[in-house]
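One structure below.
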Amino acid sequence: MITTRYIRRQDDDPHASTLLERLRKEGFFELQDLLIEKAVRLEGIDSKQADRLRSLFCHPFAEIMTSESTLNASRGPILEVGYQRAVTDPELPSILRASQALGVKTLSWVRLCNRYQFIGASREQAVEMVSRHLYNPQVQVLIEPGETWDTLKPRGSSAPLEHISLLNRSPESLLKLSEERRLFLDREQMTALQNLEGRIGRPFTDAELEMFAQTWSDHCFHTTWKSLGLLQALWEATHAIDHPMVLSVFEDNAGAVDFYDGWALTVKGETHNSPTAVSPYGGIMTKHGGVIRDTLGCGQGAKPIGGSTVMGLGDPFMPWEEVPRGALHPRTILMDAIRGTADYTNPMGIPMMFPVYQFHSGYTGKCFALGHSIGLIPRDRAQKGRPRSGDLVVLIGGLTGRDGLHGATVSSSSMTSETAVVDAAHVQIGHPIEERKFMEAIPVLRDADCLRAVTDLGAGGLSSAAGEMGAETGVWIDLARVPLKTEGLRSWEIWISESQERMLLCVPREKWDEASRILERFEVTASLIGRFTGTNRCQVVYDDEHVVDLPFEELRRGCPLPSLEPKAPQPQKKKMQIPDLNTPAEWEQAALEVIAHLNVCDQSRAGMQFDSTVQGCTVTGPYGGVDGRMPEDVWISTPIHGKPYGAVSALAFNPIYAETDPVAMASLMMVESITKCVAAGVDPKEIVLCDNFYTPRVNSKIAWILKHMVLSCCELSRALGTPFISGKDSSSGTFIGENGRRIDIPPTLAVLSLGRIRNVRKRIPKPWQQADNVLILAGPVWSGLDGSIYLDTLGQRGDRLPPADAGLLNDFWKKYSHLAAKGRIRSASALAQGGLFRRLFEMALGSGLGCRVDLEFLNDHLEADSVQSGLFAEMIGCVLLETDPESAEEVQQSLGGCTAGRITNSPDIELRIPGGLASLKMDTLIQAWEKPFQEIAR
Amino acid sequence: MTHPKVFVLYAPGINCHQETMAAFELAGGRPRLCHLTGDLLQGRLHLTDCDILAIPGGFAFGDHIAAGRIAAIDLIARLCDQLQAVREKGILVLGICNGFQVLVNTGLLPGTSEVGEPNALLDRNRSAVFESRWIRMRAEKSRCVWTENLVNDIFHVPVAHGEGRLRLPDDFSEDQTVFRYVGPGRDVPYPCNPNGSPENRAGICDPSGRILGLMPHPERALYPWFRSEDGLHLFKAGIDAVR
């Protein structure tokens, strides 16, 4: 029995009016009004019982609930959007709970749909609006009017276990099998499996083949990186540095460093590019959910204390007709990604550190979707315990469904215009409430000694998690004990399902009673699904049937690596023609264009949708200054209540440099990220790094670039003594469009730095403190404009980025820290995209003060070849700092910097330019700076 | 009573309980977590076993259907007697953000209707998006016990919510307005008033003045190294009021 109810707002509906405004802005001028109604389908209850749920579904004076739709069909086309049958509405468990409380006991399933009525628009226009802006065919469906349902529950058809023999197959036939089953295994890998079958003397089960496919995928096995020796190189650099703060590197779900008073910080960055490109809302949620679970699954379970969202996207102003088939419009991705981040990280209650959106045409086919997670854990729990024979395997969190099947293998492959259709199953919708529940329980379990080890379920699902945990001892699992959300799942689907919001625990047998009490108290679903053994084998059954029985040795070490021959690309000269700037008006125009550049402008319209103060520990970030709008360069938190111990973090990511010179960019991202922390007052010897590389599908040229990017990072890391302790790589940044047109992303590296400061009251703020104080530019100056935002506004690139000189940098940072500790530095900001001018603008904005800067003097100091250098050259590693007039000489002598100007009371930026004075009004600058995101992120 | 007993409610999805506990502890209280399902519904604890009841911020039960709705239905349907006892015994109650939404959904605020019959609404923000920013609010002269000694004080504290536009019944008595958003001058434009709440109301109390709900987060402004430590004053005032 299915009963339907309709819910309508009684008066104004901000959601509908915002949407109306947005659609009209998108060019649907015919649209006069937009009405939204919710349809609620309820299974297992009759009309009378449905009416008893009125107080659940509507507010007595804001909404009405009716048994027939209240939309008048003659006023305009009505379209109804709901989730596909395979997808469960996130609200379902809450509705079932409330219905029990209201005494309606037989309700068994619910589906919620939105009905939109487009007044003034034709049906064709309505369909276009819905398909562009309100509906994602990967997870949703358009419900046809009068559609009848026999059940709302997801259904599936079961099939028996298959046995597949690879023997006596030609290499072509093996490849064909790999393709048909969407295994994404290459010829060498399939041949290796063929040989293995010969050794084990029986055909594989479907589950075993699937398990190899995900274990040996580039995403999980890092085949590209391993074949180039890059993981080893990073690992060796970090071990050679042997940094005293480092507790755990690379092996675990996250890296860990010492904090204060027996606590440690953990850090991890994770990308989720492929699902985000086809289904941004669900993909971005999965990204956040996954990286948060990396923190929860680090050591014996850390508490997440900060997170980021960092994206690379195509041009949001791109004409719709130029969007390649099979890709989404960059603006659609941006809007859905903002909504996804808000809907996941806000309920998780983890403060947002960096909301960063960067734009580059290379991301049009495949976007970059990175998230970080910083965690806090007792120092002595930062290492995992080793499962022992007899320990229990416990699965906690959400139910297992057909979600995300083939996520690991798809994320390792190129996306094509067909990916959107074939691999629809790899997309899912997040349920943050499930993850929030165990985020609360895990630290309690840890402190009660209930966890020998813990890990998250992500790509590859149970197969990957149980594989990681059980590899040293052996593990036995019964899939029949896994709670499912869909009937009829095949055993291999349960085994590799990537349903989110699940974790795997290793619980000592004698601790099981206590663990299950704690889990129950936090309302976390837990299932005992197996035990660790001493067999060194991965053994999986479904009731009595053997699903997997393989030695871990073969899974972990049998994978053949691709042979890549890196070949240096031809250097491309990218000529520059820098125009003369003559009048103050021309200078103003140049400055306005720089701060209004999408990669530099005010992104707070997006960023302020994410909770940045939850947990009550935020000292700095992401926005600050007098009116709370100035973008901060660092995030500072005091995660131990009552103590002024600061965790400090900063980020560097620059897709334009990637195009200029990716290898030089790699080093500069490290320098920028570290310098931001140092400028804020962190001792340069107390900083560690996390890397996220994202490159196109490898060919010999990409392999060369990637290899040299990584090696230059390793070299600089050793020279600076600043180690990478965590990171992730993805080599899937290629989109193949119709007619085989290939769009490569720019070689991408985001570097996050993490440091500590014993007393945050000693941090150096970014906003200026006092008029008449002196501004000094110090550090490794550079006058080249190549790769700068300024050049980009002129449609130019350049090809020469400065080298990173470790000796100079170490010396500068050391002296700077010394002056900071002596209280000589009143405010500071490290230079980045947009150069000196961007910092002058932001620091003025954050303080309500202004400045007077002598550009001619500055250019002389830089020995600049163009007049714009002083203002717009992006001197990565340099700091613009404020000091009292009395200390100016001491600071300058120590750092060898140059006096850039003075702080003034009047809130304008006055520039002495060749032959005159340009006075830039803050109001004009602010307007230009805030405009781009007002137009796109609404 | 040197260290008043504070219950901080926990239900799945609530995510500001730890800092709320820290705030009451810093203010001199003795807070403990009180689980809605495990403690209250199973009868281990009673809502009136404390001097102060705090309902923290977060997304109780995912804020599914509407903010605070599912938690309120649990409270009304299964613990109605206890809610009434809280009101009758004059237990001090503080609902912050999602906690405020829960109190409004139960009818405890503005408190002029029966328990279980909500007559006000924290509606979706005028901007239609979640708003996370620092705001300023002023404690008004009101019936509120919590702010008796704080009248006209300005609090610089964060907000972080998607549904904070307070819509009240016509017969709402203005002396139940406890906090208002303030702006640079007489006007309080967006985003100084972050959600479009009429009359710039940020927090209200019930007719007894003992039950207080507000959208901003005082528990996020506790320490001298933060942007502000104004929030602590409210917790101290609550603790003082029951001492």
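Just so you know, these numbers use all the heavy atoms, side chains as well, and skip hydrogens, waters and symmetry mates. In what follows, chains are A, B, ... by sequence order, proteins preceding strands, each numbered from 1.
- With chain A as partner, the option from I70(B), L41(B), L121(B) having the largest number of non-hydrogen pairs under 4.5 angstrom is L121(B).
- Contacts of L19(A) with chain B are absent, with no heavy-atom separation under 4.5 Å from either backbone or side chain.
- In this structure, CD1 on I73(B) lies 9.5 Å from OG on S99(A), to the nearest 0.5 angstrom.
- For the atom pair CG of D11(A) and CZ of R167(B), the computed distance is 4.0 Å after rounding to the nearest 0.5 Å.
- Taking 4.0 Å as the cut-off between side-chain N and carboxylate O, E63(A) and R69(B) count as a salt-bridged pair.
- Ranked by heavy-atom pairs under 4.5 Å with chain B, the list P90(A), G646(A), A62(A) is led by P90(A).
- Using a 4.5 Å heavy-atom threshold, the side chains of P14(A) and N125(B) count as separate.
- Among D74(B), N119(B), N98(B), the residue making the largest number of heavy-atom pairs under 4.5 Å with chain A is D74(B).
- For a residue to count as touching a neighbouring chain, one of its non-hydrogen atoms must lie under 4.5 Å from one of that chain's; by this rule D13(A) does not touch chain B.
- Only the side chain of R763(A) comes within contact range of chain B, with heavy atoms under 4.5 Å apart.
- With a 4.5 angstrom heavy-atom cutoff, I135(B) does not touch chain A via any of its atoms.
- Options D63(B), L222(B), D123(B) differ in how many heavy-atom pairs under 4.5 Å they form with chain A, and the most are formed by D123(B).
- Taking all atoms of both residues into account, the shortest heavy-atom contact from P60(A) to P118(B) is CG-O, 3.6 Å.
- Counting heavy-atom pairs closer than 4.5 Å to chain B, the top residue among V614(A), I7(A), N759(A), T620(A) is V614(A).
- Chain B forms more heavy-atom pairs under 4.5 Å with one residue of I433(A), I636(A), V524(A) than with any other, namely I433(A).
- One distance of note links OG of S17(A) with CZ of R126(B); it measures 7.5 Å at 0.5 Å rounding.
- In terms of heavy-atom proximity, A101(A) sits nearest to A77(B) at O-CB, 3.2 Å.
- Once rounded to the nearest 0.5 Å, the distance linking CZ of R165(B) with CG of D12(A) reads 5.0 Å.
- Using a cut-off of 4.0 Å between Lys/Arg side-chain N and Asp/Glu carboxylate O, R521(A) and D39(B) are scored as salt-bridged.
- The contact between F61(A) and chain B is made entirely by side chain atoms (from C-beta outward), counting heavy-atom distances below 4.5 Å.
- Proximity to chain A (any heavy atom under 4.5 Å) is shown, for H161(B), by neither the backbone nor the side chain.
- The two residues A120(B) and H59(A) make their nearest non-hydrogen contact at O-NE2, 2.7 Å.
- Note on ring orientation: taking the six-membered ring where Trp is involved, the planes of H641(A) and Y223(B) are tilted (angle from 30° to 60°).
- Only the side chain of R78(B) has a heavy atom closer than 4.5 Å to any heavy atom of chain A.
- Ranked by heavy-atom pairs under 4.5 Å with chain B, the list R97(A), R761(A), R339(A) is led by R97(A).
- Interface check for chain B: of the options L56(A), V760(A), V619(A), the most heavy-atom pairs under 4.5 Å are formed by L56(A).
- Side-chain contact check for I65(B) versus L112(A): some heavy-atom pair is nearer than 4.5 Å.
- Here W225(B) is the residue among W134(B), F59(B), Y10(B), W225(B) with the most heavy-atom pairs under 4.5 Å with chain A.
- Of the two parts of M439(A), neither the backbone nor the side chain holds a non-hydrogen atom closer than 4.5 Å to a non-hydrogen atom of chain B.
- Within the 4.5 angstrom heavy-atom criterion, no atom of E434(A) approaches chain B.
- Summarising the geometry, atom CD belonging to E520(A) is positioned 10.0 Å from atom OG1 belonging to T37(B); distances are rounded to the nearest 0.5 Å.
- Residue contact with chain B, scored on non-hydrogen atoms closer than 4.5 Å, involves the side chain of K303(A) exclusively.
- When the shell of 6.0 Å around NZ of K38(A) is examined, it contains 12 or fewer heavy atoms from other residues, nucleotides or ligands.
- Between the Q609(A) side chain and the F130(B) main chain, no donor and acceptor come within less than 3.5 Å of each other.
- The OG1 atom of T613(A) lies 8.5 Å from the CD atom of E219(B); values are rounded to the nearest 0.5 Å.
- Using a 4.5 Å cut-off between heavy atoms, R9(A) contacts chain B through its side chain alone, with no backbone atom that close.
- The backbone N or O of P347(A) lies less than 3.5 Å from a partner atom in the side chain of N15(B), making a donor-acceptor pair.
- Most heavy-atom pairs under 4.5 Å with chain B: of the set A98(A), G628(A), S94(A), this distinction falls to S94(A).
- Side-chain contact between R220(B) and D611(A) is present, with at least one heavy-atom pair separated by less than 4.5 Å.
- Heavy atoms from other residues, nucleotides or ligands lying under 6.0 Å from NZ of K762(A) number 12 at most.
- Only the backbone of T618(A) has a heavy atom closer than 4.5 Å to any heavy atom of chain B.
- Neither the backbone nor the side chain of A71(B) comes within less than 4.5 Å of any heavy atom of chain A.
- At a 4.5 Å heavy-atom cutoff, P184(B) makes no contact with chain A through either its backbone or its side chain.
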